[in-house]
There are 2 protein chains.
Amino acid sequence: MTPPVFAHGSLRLYLLALLEERPRHGYELIQALSEQFGGTYSPSAGTIYPRLAKLEEEGLVTKSTDGRKSVYEITDAGRAELDARRHELDEIENDVTDSVRRLADGVRAEVNDAMRSLRAELASAAREAKRAATRMPAGSAGASSTSHADSSRAVHEADLVLNEFRQQLRTDLRTRAHQGRVSTESVTLLKARLAQVRADVLATLVDTPPN
Amino acid sequence: MTPPVFAHGSLRLYLLALLEERPRHGYELIQALSEQFGGTYSPSAGTIYPRLAKLEEEGLVTKSTDGRKSVYEITDAGRAELDARRHELDEIENDVTDSVRRLADGVRAEVNDAMRSLRAELASAAREAKRAATRMPAGSAGASSTSHADSSRAVHEADLVLNEFRQQLRTDLRTRAHQGRVSTESVTLLKARLAQVRADVLATLVDTPPN
DNA sequence: ATTCGTCACGCGATATATCGCGTCGTTGCA
DNA sequence: TGCAACGACGCGATATATCGCGTGACGAAT
């Protein structure tokens with residue numbers, strides 16, 4: 001969705017530049033980058049480690065394990081590569097700084113959206129639940145008898161359904177309680193409806209011939 | 001700063017309960033917990049893995065490596081421990097849900113603060129002047145039908161209702177499974193009906209004006 | 001009974017590594 | 001010359017593990 005902060009090959013060069021200052025381990029490089037660009041952009045581990053592995057494979061850095069850390073050190077070949085392309089570094093820094101600024105603007109917009117969606121939390125949950133309830137295919141007019149295995153699976157599935165339902169409503173009610181009030185009428189309604197559901201489900205269990 | 005979501009020993013038991021449903025690997029448990037508590041609370045890896053290691057050490061779970069995943073499976077000793085303390089689980093769920101709720105409110109407040117401070121420069125001066133002029137006569141004599149205490153009691157009552165319903169249906173289904181079959185249609189019906197109930201209850205919560 | 005120590009525990013921070021998606025460049029062929 | 005296939009790359013998500021701080025529970029000592 002959002003464009004990459006580092007363009008093709010830029011990160012590679014930038015890591016090399018950081019390792020020229022002094023040997024560092026992977027996590028240290030992540031922190032260094034995060035600090036360099038105002039904390040707004042933190043490169044993920046999935047960005048750094050593959051690049052370091054590649055650099056090692058190319059012989060531009062060496063890797064040595066120290067306890068649970070992996071320290072990377074630049075080689076002569078690495079320094080040569082850096083010298084050959086040092087003029088690119090300034091441009092990279094400019095580009096990255098611009099990218100980060102654009103990113104920060106995006107974040108601010110997203111926070112605004114998040115606030116809106118937080119306010120709509122309850123309403124949207126209600127709508128979603130209603131939609132899920134409406135979507136009832138109810139087909140499968142098959143005369144298929146239920147096997148033993150299916151029965152066990154059904155009981156287990158029912159457990160999960162019950163659990164999820166309970167958990168959801170629990171959260172719903174607490175959310176509401178914290179931003180307003182939960183009337184006793186709601187609980188009365190819940191009780192009545194659940195009793196009805198139980199009766200209906202039991203009916204389907206009894207009505208089905210056990211043969 | 002913020003208090004832990006899980007009290008002493010609670011996480012241990014909760015993990016055991018999750019593993020009773022089916023074997024899972026560490027990351028899966030993190031996701032399961034995150035989902036169960038509305039995505040607001042995501043336990044960190046540093047919370048889960050030490051606990052799993054301890055559980056294995058105690059012989060309550062077994063660990064088996066599958067590719068790059070580590071699958072944990074509950075043992076008989078684990079099930080025994082769980083049976084002995086199953087009554088604690090509901091309380092834990094209550095506590096955790098409350099903690100998460102408080103956490104979410106905190107986050108919301110913090111975001112609000114951040115947004116406010118962003119907008120503050122222009123708006124706050126005007127708003128403050130207006131507030132100073134009005135001076136808030138503190139009327140607010142609303143004949144609110146539901147008091148705070150009633151609301152809390154309602155939530156608690158709802159918990160009990162939900163619990164009882166779940167327990168009853170669990171028993172119903174198992175009884176039926178022992179003397180015959182439980183069809184998947186019953187489960188489908190249950191799911192749909194529960195979704196409907198949730199939607200209806202949520203509707204009563206949303207329709208009621210908070211002030 | 002109180003307090004004092006310590007031990008377990010929750011958890012964020014630290015640390016590493018892989019997978020898969022989407023995109024950008026390059027290369028080679030039509 | 002145009003473009004299409006391919007590979008390299010950035011990066012979020014997936015996955016695991018340890019360290020150290022602060023707190024809370026619990027027993028021992030007073």
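Residue numbers begin at 1 in each chain, while the letters A, B, ... track the order of the sequences. Only heavy atoms go into these numbers, but all of them, side chains included; no hydrogens, no water, no symmetry mates.
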A.B. asks: For residues B:V182 and A:D150, determine if any side-chain heavy atom of one lies less than 4.5 Å from a side-chain heavy atom of the other.
C.D. replies: no
A.B. asks: Which residue, A:A7 or B:S70, contacts DNA chain D at a nucleotide closer to its 5' end, judged by nearest heavy atom?
C.D. replies: A:A7
A.B. asks: Figure out the CD/P separation between A:E35 and C:dA13, and round it to whole Å.
C.D. replies: 16 Å
A.B. asks: Rounded to whole angstroms, how far apart are CZ on B:F6 and P on C:dC11?
C.D. replies: 7 Å
A.B. asks: For DNA chain D, which residues in residues 43-54 of chain B have a heavy atom at a distance below 4.0 Å?
C.D. replies: B:A45, B:G46, B:Y49, B:P50
A.B. asks: In whole Å, I'd like the distance from the CD atom of A:E57 to the P atom of D:dG7.
C.D. replies: 15 Å
A.B. asks: Please verify the inter-ring angle class for A:F37 with A:F6; under 30° counts as parallel, over 60° as perpendicular, anything in between as tilted.
C.D. replies: perpendicular
A.B. asks: Is there a side chain to side chain donor-acceptor pair (under 3.5 Å) between B:T75 and B:T62? Walk through the geometry before answering.
C.D. replies: CA-CA 7 Å; B:T75 64; B:T62 59; over 6 Å; no
A.B. asks: Compare the minimum distances between each of D:dC11, D:dA17, D:dA15 and the side chain of B:K69, then state the nucleotide with the smallest one.
C.D. replies: D:dA15
A.B. asks: What residues from residues 79-90 of chain B pass a heavy-atom cutoff of under 4.0 Å to DNA chain D?
C.D. replies: none
A.B. asks: With rounding to the nearest 0.5 Å, note down the distance linking CG in A:L13 to CG in A:L89.
C.D. replies: 4.5 Å
A.B. asks: When the distance from OH of A:Y41 to C1' of D:dG12 is rounded to whole Å, what number comes out?
C.D. replies: 11 Å
A.B. asks: Does any residue of residues 11-34 of chain A have a heavy atom under 4.0 Å from DNA chain D, and if so, which ones, in number order?
C.D. replies: A:L11, A:R12
A.B. asks: How far does NE2 of A:H25 sit from CZ of A:R68, to the nearest 0.5 angstrom?
C.D. replies: 9.5 Å
A.B. asks: Would you say A:V197 and B:F165 make side-chain contact, with heavy atoms under 4.5 Å?
C.D. replies: yes
A.B. asks: In chain order, what residues pass the salt bridge (Lys or Arg N to Asp or Glu O under 4.0 Å) check against A:R170, with sequence neighbours excluded?
C.D. replies: B:E93, B:D159
A.B. asks: OP1 or OP2 of D:dA17 versus the side-chain N and O atoms of B:K63: is any pair under 4.0 Å?
C.D. replies: yes
A.B. asks: Let's see if you can work this out: which of C:dC11, D:dC11, C:dA17 has an atom nearest to the side-chain heavy atoms of A:Y72?
C.D. replies: C:dA17
A.B. asks: In whole angstrom, what separates B:R68's CZ from D:dT16's P?
C.D. replies: 8 Å
A.B. asks: Given side chain to side chain donor-acceptor pair (under 3.5 Å), test A:Y72 with A:E28 step by step and report yes or no.
C.D. replies: CA-CA 10 Å; A:Y72 292 87; A:E28 216 176 334; over 6 Å; no
A.B. asks: Are the side chains of B:D200 and B:Q196 in contact, using a 4.5 Å heavy-atom criterion?
C.D. replies: yes
A.B. asks: I'd like to check the side chain to side chain donor-acceptor pair (under 3.5 Å) partners of A:Y49; sequence neighbours left out, ordered by chain and number.
C.D. replies: none
A.B. asks: Return the value, rounded to whole Å, for the distance between atom NE2 of B:H8 and atom P of D:dT23.
C.D. replies: 13 Å
A.B. asks: Got a sec, which residues hit salt bridge (Lys or Arg N to Asp or Glu O under 4.0 Å) with B:R12, two or more places apart in sequence or on another chain?
C.D. replies: B:E58, B:E81
A.B. asks: Could you check how far CG of B:L55 sits from C1' of C:dG10, rounded to whole Å?
C.D. replies: 14 Å
